[in-house]
Every structure is written in C-alpha cells, then in structure tokens.
Amino acid sequence: MSGKLENGNNFINKIGIFGGSFDPIHLGHTGLAEDAMKAASLDKVVFIPARLQPFKLDKQLTTGEARVEMIKLAVKGKQGFEISTYELDEEGISYSYLTMRAMQKQYGPDSKLYFITGTDAFLKIDKWKNAEEMLNNYSFIIGTRPGYKQEELLEHIKTIKDTYGTDVVNIENRQIDVSSTEIRNNLEKGISCSGLISPDVERYITDNGLYR
C-alpha cells in the first residue's frame, strides 16, 4: 500500500514520529509502530528517544547511547523504521512541539507528519506545552486496546477535531501486556524477559549489565 498522497503535482511522504524513553524498547513499542505504519500507510516511522521527558523529570534514564543501540537492535531488518537522536542531541527538556518542528524542517513541507502515541497520553494532550501548535499543524495516530476508555477517547477525538480540525487516526493495535518499568524490575531480579523484548535487545542488556 502506497504511503504517498497526491497533492496537485507534489507527493507527500507520510511519516510517523514515535517518541519515548525506550528504556528499554520492547515488543509493545515495535508492535505499535508496525500497526501504525500499516493502518495509516506510512512511508516510515522514526523512533526518537527522549533526553528528558517533561512529565518524567524525576526519572533517571539509561544513557542515550545504550537506548539508541537497543532501538537499532529492536528494529533491525524492519523496513521503514529509522532512528533520530534529535532529542538526545538537544539541551534541556524534550518537548514534543519542538521535536515536531525539527522533524518538519528535516523532512520538508511536503511531508505529512503523524505523532504516534497511546490513549492515556492523548487524553492529557491539553496539558502538553504548546498543545495548540501540535494539534493545528500535525496529525495523530492513537494506539488503543479494545474497550479501554473507548467512550472517553472517542469524545476527546471529536472535541479535538471540532476545535482544531486535527487529523486523528485511531487504531486498535496488537496488545502486548508489558511496560518498560516491568521489564526493568524483572531484569533487576534476574528474571528473563523472553517474549517481551527482542532476543537481541535482551542479549545487549545482559552483555552490558544494564538494569542490574
């Protein structure tokens, strides 16, 4: 399925922007990226590990270098997946609106950007810094699971569309009951995370003594 839309004589690349701590990246992350790419016919998904997330300022993250390496291993061989170190290279808090500005500049005005996020984050988007800029200028792909806050989410999407005219794609992505916190806790206890993270990522974690 083509990820390009005809716009007069121009073609618009459709690019998913997927930010997060990815500490570590797990199969829930890559599954959402794959499902988003398929549902919205994206040309690519760009993973952007955060330097310092605004709602997690008290959280101590694994080094950016290690998180980038784990993402590389997790997406190895998956067509259309890329990594940007934009947020790691910038000083200060990793605000999404600044990242989206930078990505739009990098990929050009003929590229349509989709911000990939989950239900809980999207329901709180009004609290994001410069949320109006995000909603006025970019599209969103919201990953959900069947029945989870469905009425609340649909009402919120309607309000956002009516207020800002935002293009919002709501997908029911594959469900993998896992969180990075759970994985870190298991690894700290020496419990295998097989089936939750890719074998290559688990090997990297073990070889480098992470989360111990």
Side-chain angles (χ1 to χ4, degrees), residues 16-37 45-78 81-96 98-99 115-125 127-129 141-149 153 171-212:
I17 305 298
F18 193 5
S21 300
F22 302 118
D23 192 17
I25 187 169
H26 53 65
L27 298 185
H29 293 133
T30 52
L32 173 55
E34 288 173 344
D35 292 342
M37 176 175 280
V45 172
V46 183
F47 290 81
I48 306 182
R51 178 186 179 92
L52 192 60
Q53 290 184 299
F55 297 111
K56 299 179 180 179
L57 296 179
D58 59 343
K59 182 179 177 182
Q60 185 69 35
L61 295 174
T62 306
T63 66
E65 181 182 8
R67 287 183 288 133
V68 167
E69 287 304 313
M70 287 189 283
I71 296 171
K72 287 180 180 178
L73 291 169
V75 304
K76 183 175 61 176
K78 297 181 185 291
F81 283 4
E82 298 182 1
I83 305 166
S84 169
T85 60
Y86 167 76
E87 291 188 356
L88 295 175
D89 297 337
E90 292 293 305
E91 296 292 334
I93 298 173
S94 304
Y95 288 115
S96 296
L98 292 175
T99 299
F115 189 87
I116 301 172
T117 189
T119 297
D120 288 331
F122 188 70
L123 288 173
K124 298 174 183 175
I125 196 168
K127 298 179 180 179
W128 294 13
K129 190 174 182 65
I141 297 175
I142 314 302
T144 61
R145 57 182 184 268
Y148 180 70
K149 297 185 178 180
L153 177 61
I171 66 171
E172 285 191 0
N173 55 294
R174 73 192 73 175
Q175 297 308 310
I176 300 174
D177 188 17
V178 59
S179 71
S180 293
T181 300
E182 176 188 353
I183 290 171
R184 290 195 302 272
N185 290 339
N186 285 347
L187 291 168
E188 188 176 353
K189 298 171 185 174
I191 300 173
S192 172
C193 289
S194 176
L196 302 178
I197 56 180
S198 81
D200 286 344
V201 171
E202 184 163 23
R203 192 174 303 112
Y204 178 88
I205 290 170
T206 301
D207 290 347
N208 289 275
L210 302 180
Y211 311 118
R212 299 302 296 267

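Using a 4.5 Å heavy-atom threshold, the side chains of Glu82 and Val75 count as separate. Thr85 places a side-chain heavy atom less than 4.5 Å from the side chain of Val68. For the pair Glu202 and Ser192, the minimum side-chain heavy-atom distance is below 4.5 Å. By the 4.5 Å heavy-atom criterion applied to side chains, Tyr204 and Asp200 are not counted as neighbours. Under the 4.5 Å side-chain criterion, counting only non-hydrogen atoms from C-beta, Ile142 is in contact with Thr119. No side-chain heavy atom of Ile25 sits less than 4.5 Å from a side-chain heavy atom of Ile197. Residues Ile93 and Lys129 fail the side-chain proximity criterion, which asks for heavy atoms closer than 4.5 Å. Here the side chains of Leu123 and Lys149 are in contact, with some heavy-atom distance below 4.5 Å.
Atoms OH and CG, from Tyr86 and Leu98 in turn, are 5.5 Å apart once rounded to the nearest 0.5 Å. For the atom pair Met37 CE and Lys78 NZ, the distance stands at 10.5 Å (nearest 0.5 Å). Atom CZ of residue Phe22 and atom CZ of residue Phe47 lie 6.0 Å apart, to the nearest 0.5 angstrom. The distance from atom CE of Met70 to atom CD of Glu65, rounded to the nearest 0.5 Å, is 11.0 Å. Separating the OG1 atom in Thr62 from the CG atom in Leu210 is a distance of 6.0 Å, to the nearest 0.5 Å. Rounding to the nearest 0.5 Å places CD1 of Ile116 at 6.0 Å from CG of Leu32.
Summarising the geometry of Phe18 relative to His29, their closest heavy-atom pair is CE2-O, 3.3 Å, with the distance given to 0.1 Å. The shortest non-hydrogen separation linking Leu27 to Gly195 is CD1-O, 3.4 Å. Cys193 and Asn186 make their closest contact through SG-CB, 3.8 Å (heavy atoms, listed as atom of the first residue, atom of the second, distance). Pairing each heavy atom of Ser94 with each of Glu87, the nearest pair is CB-OE1, 3.2 Å. The shortest heavy-atom contact between Pro24 and Ser180 is O-OG, 3.0 Å. Of all the heavy atoms in Val46 and Ile83, the pair that sits closest is CG1-C, 4.3 Å.
Inspection of the Arg203 and Thr206 side chains reveals no N or O donor paired with an N or O acceptor under 3.5 Å. Under 3.5 Å, the side chains of Tyr211 and Asn185 contain no donor-acceptor pair of N or O atoms.
Here the side chain of Asp23 pairs no donor or acceptor atom with the backbone of Leu61 at under 3.5 angstrom. In this structure a side-chain-to-backbone donor-acceptor pair under 3.5 Å is missing from Ser84 to Ile48.
Remark: Glu182 CD is packed, more than 12 non-hydrogen atoms of other residues, nucleotides or ligands lying under 6.0 Å away.
Residues Asp89 and Arg51 are not paired through a salt bridge, judged by the lack of any N-O separation under 4.0 Å between the basic side chain and the carboxylate.
Under the 6.0 Å cut-off for aromatic ring centres, Phe115 and Trp128 qualify, their centroids lying closer than that.
Remark: Arg174 engages Glu34, Asp35 in a salt bridge (charged side-chain N to carboxylate O under 4.0 Å, His left out) (not counting sequence neighbours).
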**Test log, rule side-chain contact (heavy atoms from CB on, under 4.5 Å), inputs Glu90 and Thr99** = CA-CA 10 Å; Glu90 292 293 305; Thr99 299; over 6 Å; no

